[in-house]
Amino acid sequence: MRKKNRRQTFEQVEVIDAGAKGKSVGKAPDGRVIFLSNAVPGDVVDVMTTKKRKAYFEGVATHFHTLSPKRTTPQCEHFGVCGGCKWQHMAYEHQLHFKQKEVENNLKRIGNLELPEITPILGSKEHYFYRNKMEFSFSNSRWLTQEEINSKIDIEDRNALGFHIPGMWDKILDIKKCHLQQDPSNAIRLETKNFANKNGLSFFDPRKQEGLLRTLMIRTTSIGEIMVLIQFYEDNLEQRERLLNHLQEVFPEITALLYVINSKQNDTIYDQEVVCFSGRDHIVEEMEGLQFKINAKSFYQTNSEQAYELYKVARDFANLSGNEVVYDLYTGTGTIAQFVAKKAKKVIGVESVPEAIEDAIANAAHNNISNVEFFVGDMKNVFNTSFIALHGKPDVIITDPPRDGMHKAVVEQLLQVAPAKIVYVSCNSATQARDLALMKEVYRVSKVQPVDMFPQTHHVENVVLLEKRV
């Protein structure tokens, strides 16, 4: 039999820190850590536990005795229910403080690294409306508020277009206004929902796996281009064209109007055919005179303005003279590779996603960059001794791996190649610290620059310069 999880209450708990995954941290009377989902460092609260583990509790603040001076008023009406933007109730300067602290703690505690003085985190100019990509889900079973449940009224309109409630795969929070993407994002989402309701288009039922409308993706660029992709579960030509024609008419500024018909269990589109209904099959982003074609399946940093700042840091750390062979590992669509190419002799980009490499090659040709080459394959298999013998020993390696960090075989190959410099860009300083620890006998950390790509969240990017020990 499963042991019952008995809830406990702790009174007058001082919230002392911000921890992983956006949780705040307090201490129970027995010294165990309490991770809280709805408090800010500096609050004094009563806590009801929701989980008990050997070394810690998880809980929620049920009463606030003292409100922290670090608090601010969240702008979004959905804050606290929606799973995104969990730090909206913390003033931005304090968000930056805790992000910097997390990077420093991970590098020191996990990596056990000797560090130079860490440069202050590079904050984002825009604190809201900074994302260039949003994905919303349709559902015929929207999340009901506590007031709606308590009212005992039979609610007929259960359609929603918004975000999944955290931890609930079948419940969608209907979003009235999202503060993450600039207009006309909200207008497009609301018009899509209103037209669907007025014209009887069915919203997806995740339990029964039926319904017409499944997801809506909106992508924008800094030069005003807009991509809208609607994913349909059912193939209904008449209803599909009515909706798409309506969006084309109301929003003539849409550059790429696309759709997917996807009747499989999950809603990922990477194995699906994307159909261009009107306009182009891609949008274009610009950065420092370079143009990057972005299609529905392309990876591109979701904060365009801060991506530019991040890439500038990586390029500055590399400090190229024009004579270097540079390898860009996990190159994606080759944005960093092309960004540094004019200051390098040759750049070699490697990536596991074939479509991303196709984009990288097309973008390089469009930008008239002739000193870059791109190769597709699993990094641990491609990046080997024969590959290096064929393409030249790198003087500098830039690596920007996914959240899980680099495979051990890739780290071993880095140590074997031993370029003079490695620039490690990471969206997860914990796995970055783990990888750096494996290299610290050969390399010293000479520069560290955290970059805030995602205001109102706990996420933080970090760039580290490694220089070979002499």
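Computed from a prediction, not measured in an experiment: that's the story for all the values here.
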For [X] and [Y], work out which heavy atoms get closest and say how close.
X	Y	result
Leu414	Tyr443	O-OH, 4.3 Å
Ala91	Thr72	N-CG2, 3.7 Å
Gly349	Thr331	C-CG2, 3.8 Å
Tyr56	Arg32	N-CD, 4.0 Å
Leu247	Ile254	O-CD1, 4.1 Å
Ile118	Gln100	CG2-NE2, 3.5 Å

Within this structure, what is the [atom1]-[atom2] distance for the pair [X] and [Y], rounded to the nearest 0.5 Å?
X	Y	atom1	atom2	result
Met227	Asn132	CE	CG	11.0 Å
Lys440	Asn112	NZ	CG	4.0 Å
Tyr330	Phe299	OH	CZ	14.0 Å
Ser137	Leu213	OG	CG	11.5 Å
His459	Lys86	NE2	NZ	8.0 Å
Leu173	Leu161	CG	CG	11.0 Å

Taking only Lys NZ, Arg NE, NH1 and NH2, and the carboxylate oxygens of Asp or Glu, determine whether [X] and [Y] approach each other closer than 4.0 Å.
X	Y	answer
Lys99	Glu102	no
Lys193	Asp174	yes
Glu288	Arg315	yes

Ignoring hydrogens and angles, state whether a donor on the side chain of [X] or [Y] is under 3.5 Å from an acceptor on the partner side chain.
X	Y	result
Thr335	Gln301	no
Thr255	Glu225	no
Asn266	Lys264	yes
Asn462	Gln432	yes
Ser298	Asp359	yes

Within the distance-only criterion (no hydrogens, no angle test), does the side chain of [X] pair as donor or acceptor with the backbone N or O of [Y] below 3.5 angstrom?
X	Y	result
Ser37	Val60	no
Lys133	Thr302	no
His164	Trp169	yes
Arg219	Ile294	no
Thr49	Gly59	no
Asp378	Ser352	no
Asp43	Val40	yes
Asn38	Ala61	yes
Gln338	Gly334	yes
Asp205	Glu210	no

Legend entry - Residues Phe57, Phe10; criterion ring-ring contact (aromatic ring centres under 6.0 Å, His included); working and verdict: CA-CA 11 Å; Phe57 295 98; Phe10 302 121; 5.3 Å; yes
Within a radius of less than 6.0 Å around [atom1] of [X], do more than 12 heavy atoms belonging to other residues, nucleotides or ligands occur?
X	atom1	result
Lys27	NZ	no
Glu11	CD	no
Glu305	CD	yes
Lys208	NZ	no
Glu253	CD	yes

Inset, instruction - Could you give me the CA-CA distance, side-chain angles and deciding distance for Glu114 and Val445, then say whether side chain to side chain contact (heavy atoms under 4.5 Å, CB included) is met? - result: CA-CA 7 Å; Glu114 291 176 32; Val445 175; over 6 Å; no
Legend entry - Ring geometry between Trp87 and Phe98 (parallel below 30°, tilted from 30 to 60°, perpendicular above 60°): perpendicular
Legend entry - Step-by-step side chain to side chain contact (heavy atoms under 4.5 Å, CB included) determination, Asp452 to Tyr92: CA-CA 11 Å; Asp452 183 25; Tyr92 188 58; 2.5 Å; yes
Any heavy-atom pair between the side chains of [Y] and [X] that's under 4.5 Å?
X	Y	result
Ile172	Phe138	no
Gln209	Tyr233	yes
Thr215	Asn262	no
Lys177	Cys76	no
His78	Val81	no
Ser68	Met90	no
Ser141	Arg207	no
Gln413	Met379	no

Side-chain donor-acceptor pairs of residues 398-411 under 3.5 Å, sequence neighbours excluded:
{"residue": "Arg403", "atom": "NH1", "partner": "Cys427", "partner atom": "O", "Å": "2.9"}
{"residue": "His407", "atom": "ND1", "partner": "Ala409", "partner atom": "N", "Å": "2.9"}

Inset, instruction - Decide side chain to side chain contact (heavy atoms under 4.5 Å, CB included) for Arg142 and Phe203; before the verdict, give the C-alpha distance in whole Å, the side-chain angles of both, and the deciding distance to 0.1 Å. - result: CA-CA 10 Å; Arg142 72 174 171 86; Phe203 287 43; over 6 Å; no
Legend entry - Pairs flagged by side chain to side chain donor-acceptor pair (under 3.5 Å) wherever residues 116-130 is involved - sequence neighbours left out: Gln88-Tyr128
Legend entry - Audit row: Asn295, Asp281, side chain to side chain contact (heavy atoms under 4.5 Å, CB included) steps and yes/no: CA-CA 6 Å; Asn295 65 44; Asp281 65 353; 5.8 Å; no
Inset, instruction - Just do the side chain to side chain donor-acceptor pair (under 3.5 Å) check on Glu285 and Ser304 with the steps written out, would you? - result: CA-CA 8 Å; Glu285 182 58 279; Ser304 300; 2.9 Å; yes
Inset, instruction - Check the pair Lys101 / Glu104 against salt bridge (Lys or Arg N to Asp or Glu O under 4.0 Å), numbers first and verdict last. - result: CA-CA 5 Å; Lys101 187 177 177 183; Glu104 291 186 19; over 6 Å; no
